[in-house]
Amino acid sequence: MIAIPFSGNPLDRASERRSDPAWLRAQAVAGLYLPFWQNRPFIADAHVKFQPWRAEWGDATCVFLGLDGEQPLFAVDLPGESEPVLGEGSFQEMRHSAFVLPARDTAIAGQAKALLDWHKRHGFCANCGTATQSQDGGYRRTCPHCGAEHFPRTDPVVIMLPIFKHDDGREECLVGRNKRFPPLLHSAFAGFVEPGESMEEAVRRELREEVNLEVGAVSYHATQPWPFPSSLMLGCYAQVLRREFTIDGHEIEAARWLSKDEARARLADTIEDEMKLPVTIAIAHHLIKDWASR
Ligand SMILES: [Zn+2]
């Protein structure tokens, strides 16, 4: 198994039990709570820091994360303009935290962030506009007026590395530079899967639109939950039928083929120039690395 950050959550989500309000109330009493403030988890000593419930948190939004052995774990979204003071530790930006936290803490904090963020932005019924109520520990909201049920969203995004195979068997991958990327970064290509579209079709459409590549076989490699705010990254390889490409100049401003040797050297940061490849928290890093090492 490849360890992709934000995956590998060890908690038992108890999805068959969390719909029982009496069971959930008992868990809440025995529970520990991971505080969030402005989408940031509370962190101390490079670990997420769960705490006993505090009366001052009042009716702050709470979600059930799962059971860690016997221990029920929740997350709580603290309101307010100024950072709550909870003793040793501080609220840290989620993306940055993924670099310092252990893998299990990153996965748990990512689950909590995606859920709390959804509640913050989906408080009203999309059908009739009435304020909705959280159910099942936060995995469902129901409308008391029209009865509609609303579930936390997960948006599929294809992220793919185009591969060209020469007649002699050598392979190259194409990395591109999106205009919105940080300076120097080149990465795999990505885009949201649209309604009525398969994963393979989305891969083909995006690569045609962004770099005008003709794609043959598409193969799935791995997925990654990406809580910014609620994506599921579907990592794929796309075999391209010809090496020529044309950047669209709209989203993509540059693209380049890399050999396996060059990709490995760049991932190891041994080349100092105008190009950087994605960092380890991104699935694109693993797509490139796993291809280059096989
Ligand atoms: Zn409604």
Side-chain angles (χ1 to χ4, degrees), residues 6-7 9 11-42 53-67 72-81 84 91 94-95 107-158 190-199 201-202 223-234:
F6 295 107
S7 68
N9 191 319
L11 302 184
D12 170 5
R13 295 173 183 237
S15 52
E16 74 288 9
R17 283 180 284 176
R18 69 192 181 202
S19 57
D20 174 357
W23 183 85
L24 204 56
R25 272 196 299 277
Q27 305 311 302
V29 170
L32 288 171
Y33 295 77
L34 177 61
F36 271 70
W37 175 70
Q38 297 193 349
N39 289 330
R40 298 165 178 215
F42 190 63
W53 179 258
R54 297 183 180 209
E56 72 216 45
W57 292 343
D59 57 1
T61 301
C62 244
V63 294
F64 174 65
L65 298 175
L67 300 170
L73 296 178
F74 292 78
V76 56
D77 194 14
L78 303 183
E81 287 303 307
F91 292 90
M94 184 73 248
R95 213 177 293 235
I108 292 169
Q111 175 196 6
K113 180 192 175 294
L115 259 181
L116 291 176
D117 200 17
W118 176 73
H119 284 282
K120 209 178 313 204
R121 292 179 295 115
H122 294 80
F124 294 89
C125 179
N127 190 43
C128 75
T130 304
T132 53
Q133 295 159 347
S134 178
Q135 312 280 354
D136 303 353
Y139 291 81
R140 187 166 61 107
R141 294 188 74 92
T142 53
C143 176
H145 180 68
C146 75
E149 293 182 306
H150 304 282
F151 296 91
R153 54 188 287 179
T154 297
D155 304 322
V157 174
V158 284
F192 285 102
V193 179
E194 296 191 347
E197 193 173 49
S198 72
M199 178 180 79
E201 288 163 347
T223 60
Q224 178 190 39
W226 186 248
F228 305 101
S230 53
S231 293
L232 178 65
M233 309 301 285
L234 310 171

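Atoms within each ligand, like the ligands themselves, are counted from 1 in listed order. If you read the sequence from its start, that first residue is 1, and numbering goes on from there.
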Undergrad: For the Zn ion (ligand 1), which protein N/O/S atoms fall under 2.8 Å? Skip waters.
TA: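 Under 2.8 Å from the Zn ion (ligand 1) - ignoring waters, which are not counted - the protein N, O or S atoms are C125 SG, C128 SG, C143 SG, C146 SG.
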Undergrad: List, one per line, each side-chain donor-acceptor pair under 3.5 Å for residues 149-157, sequence neighbours excluded.
TA:
{"unit_1": "E149", "atom_1": "OE2", "unit_2": "R140", "atom_2": "NH1", "d": "2.7"}
{"unit_1": "R153", "atom_1": "NE", "unit_2": "D155", "atom_2": "OD1", "d": "3.1"}
{"unit_1": "R153", "atom_1": "NE", "unit_2": "D155", "atom_2": "OD2", "d": "3.4"}
{"unit_1": "R153", "atom_1": "NH2", "unit_2": "D155", "atom_2": "OD1", "d": "3.2"}
{"unit_1": "R153", "atom_1": "NH2", "unit_2": "D155", "atom_2": "OD2", "d": "3.4"}
{"unit_1": "D155", "atom_1": "OD2", "unit_2": "S230", "atom_2": "OG", "d": "3.2"}

Undergrad: Look at the side chain of K113 and the backbone N and O of P227, then say whether any donor-acceptor pair between them is shorter than 3.5 Å.
TA: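 Such a contact is found between K113 side chain and P227 backbone.
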Undergrad: Does C143 reach the side chain of F124, with side-chain heavy atoms less than 4.5 Å apart?
TA: no
Undergrad: Checking side-chain contact (heavy atoms from CB on, under 4.5 Å) against Q111, which of L34, L65, L73 comes through?
TA: L65
Undergrad: Ring-plane angle category for F74 and Y33, please: parallel below 30°, perpendicular beyond 60°, tilted otherwise.
TA: parallel
Undergrad: Classify the ring geometry between W118 and H122 as parallel (under 30°), tilted (30 to 60°) or perpendicular (over 60°).
TA: parallel
